[in-house]
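Data block below; observations after.
Start at 1 and go down the list; that is how both ligands and their atoms are numbered. Since the model is a prediction, treat every value here as computed from it, not as a measurement.
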Amino acid sequence: MPTQAYRTRFAPSPTGFLHVGHAYAVMQLEQWATKHDGEILLRIEDIDATRCRPQWIPAIQQDLKHLGFEWHGDIHQQSQHLKSYQQAIQHLRDMNVIYPCFCTRKKIKNAVQSQIKTQTQMSSIDLFDAYPQTCRHLNTQEQQKRMSSERFAWRLNCEKAAAIIHQPIQWAEQTKIHTVNIQHIGDVILARKDIGTSYHIAVVVDDAIQGITHVIRGDDLSSSTPVHVLLQKLLGLPTPIYQHHALLCHRDGQRLAKSQQSIHLRHLFEAGLSSQSLRDFLHHCDGVWSFPADTSAKYITQQLGS
Ligand code: GLU
């Protein structure tokens, strides 16, 4: 199989039927691939057993085929690669840049609350960005003792990472170079208590395994990019070029609700919508899904064309 110079991926999670926002994202990838003669790989991001269900995987494949999306090569399913993620976590342990964290959400909330003055401030702070580093300062003996009896997550020690990696970290978003100070990344969770890994670890390892040169994804994930670039530097992996596109939204800028059945590709196709009509609409819609949330799949199909 000849290898192409440029490669990206579409990486849905099997938490339900794909919707029109996914179709919009696929079309951004296809446009990029046409322009750069690149390949698009398909990855199923199913490490989160609390949200993902295997039965959605064939449904995703069927709807993508119906949409006319052709991916390159075999499907990469994250749940088949848990060992690689564990190896990456072990590597970070060996470098001493992660530490076990025993805190519960409640404990973190209370600690953050006591550090800040008002409730109003609290609501605007993301609990995990605001982690008060409680477990960072446990000594090795205490860590060992608690690890044998308590559930724990692994967190990045961003100070230690900053001492190893050349500051600041940089990456390219198309023609723009982004720069972030490692300490500003915070002590993010790199292995969750419940699943033993995290989106951040899995995505970085997979982008390297799959030889991804360009990550093209929704801008809801742009805040994760500094974490990914730092992990690539720590693990000695290449940093792809990043490109974040706006998500398909309602007229008022609200995100589409995944629970809304009438935007599921499956329901629209069943109502008779042709993939070409959907593609034509999405191509010209300027990122706006102009149908109110309570519109039926049948009405959408009548408007867009069967
Ligand atoms: N699985 C993620 C999603 O469904 C995409 C992750 C990525 O592209 O990095 O939004």
Side-chain angles (χ1 to χ4, degrees), residues 6-33 38-54 56-57 59-61 63-64 67 69 71-72 75-82 84-85 88 171-174 178 185 188-190 192 195 197-232 235 237-249 255-260 263-266 287 289:
Y6 282 176
R7 207 173 242 204
T8 190
R9 78 292 193 282
F10 179 57
S13 294
T15 55
F17 282 128
L18 294 181
H19 57 73
V20 289
H22 291 110
Y24 183 73
V26 160
M27 287 174 62
Q28 313 286 323
L29 297 176
E30 289 173 339
Q31 271 170 26
W32 171 89
E39 292 173 348
I40 311 172
L41 278 61
L42 179 60
R43 177 189 307 158
I44 299 292
E45 298 207 332
D46 62 344
I47 49 164
D48 186 349
T50 63
R51 295 188 318 118
C52 301
R53 296 282 173 273
W56 293 117
I57 300 173
I60 287 176
Q61 282 175 254
D63 292 343
L64 286 176
L67 182 68
F69 170 56
W71 59 89
H72 179 88
I75 298 176
H76 180 97
Q77 193 176 336
Q78 288 191 325
S79 56
Q80 312 286 318
H81 296 269
L82 297 177
S84 314
Y85 313 142
W171 68 94
E173 289 249 356
Q174 291 167 290
H178 284 254
I185 291 175
V188 288
I189 289 186
L190 296 180
R192 281 169 36 178
I195 58 171
T197 182
S198 64
Y199 160 64
H200 299 310
I201 289 286
V203 80
V204 158
V205 169
D206 287 344
D207 284 339
I209 293 176
Q210 294 191 283
I212 300 302
T213 58
H214 291 68
V215 172
I216 301 160
R217 60 185 176 193
D219 59 11
D220 54 327
L221 291 166
S222 54
S223 63
S224 296
T225 305
V227 183
H228 298 174
V229 176
L230 174 60
L231 286 175
Q232 286 147 5
L235 296 168
L237 303 174
T239 294
I241 292 173
Y242 285 87
Q243 197 172 312
H244 293 96
H245 59 78
L247 297 179
L248 185 69
C249 283
R255 282 177 65 170
L256 305 181
K258 279 190 267 184
S259 55
Q260 188 194 323
I263 59 165
H264 293 161
L265 298 183
R266 179 59 58 99
W289 181 248

Looking at ligand 1, does Tyr199 have a heavy atom less than 4.0 Å from it? yes

Is a salt bridge present between Arg9 and Asp206, judged by a nitrogen-to-oxygen distance below 4.0 Å? no

Which residue holds the protein heavy atom closest to atom 4 (O) of ligand 1, what is that atom called, and what is the gap in Å? Ala11 O, 3.5 Å

Atoms in ligand 1 with a heavy atom of Val203 nearer than 4.0 Å: 9 (O)

Do the rings of Phe10 and Phe69 sit parallel, tilted or perpendicular, given the 30° and 60° boundaries? perpendicular

To check your reading of the model: name the closest protein heavy atom to atom 10 (O) of ligand 1, its residue, and the distance in Å. Leu221 CD1, 4.1 Å

Hydrogens and angles aside, do Arg217 and His244 bring a side-chain donor and acceptor to less than 3.5 Å of each other? yes

Residues 15-25 vs salt bridge (charged side-chain N to carboxylate O under 4.0 Å, His left out), sequence neighbours excluded, gives none

Hey, is Arg9 one of the residues with a heavy atom under 4.0 angstrom from ligand 1? yes

Under the ring pair (Phe, Tyr, Trp, His ring centres under 6.0 Å) test, which residues partner Tyr199, sequence neighbours left out? His228

Restricting to heavy atoms, the pick from Arg217, Glu45, Arg43 nearest atom 6 (C) of ligand 1 would be Glu45

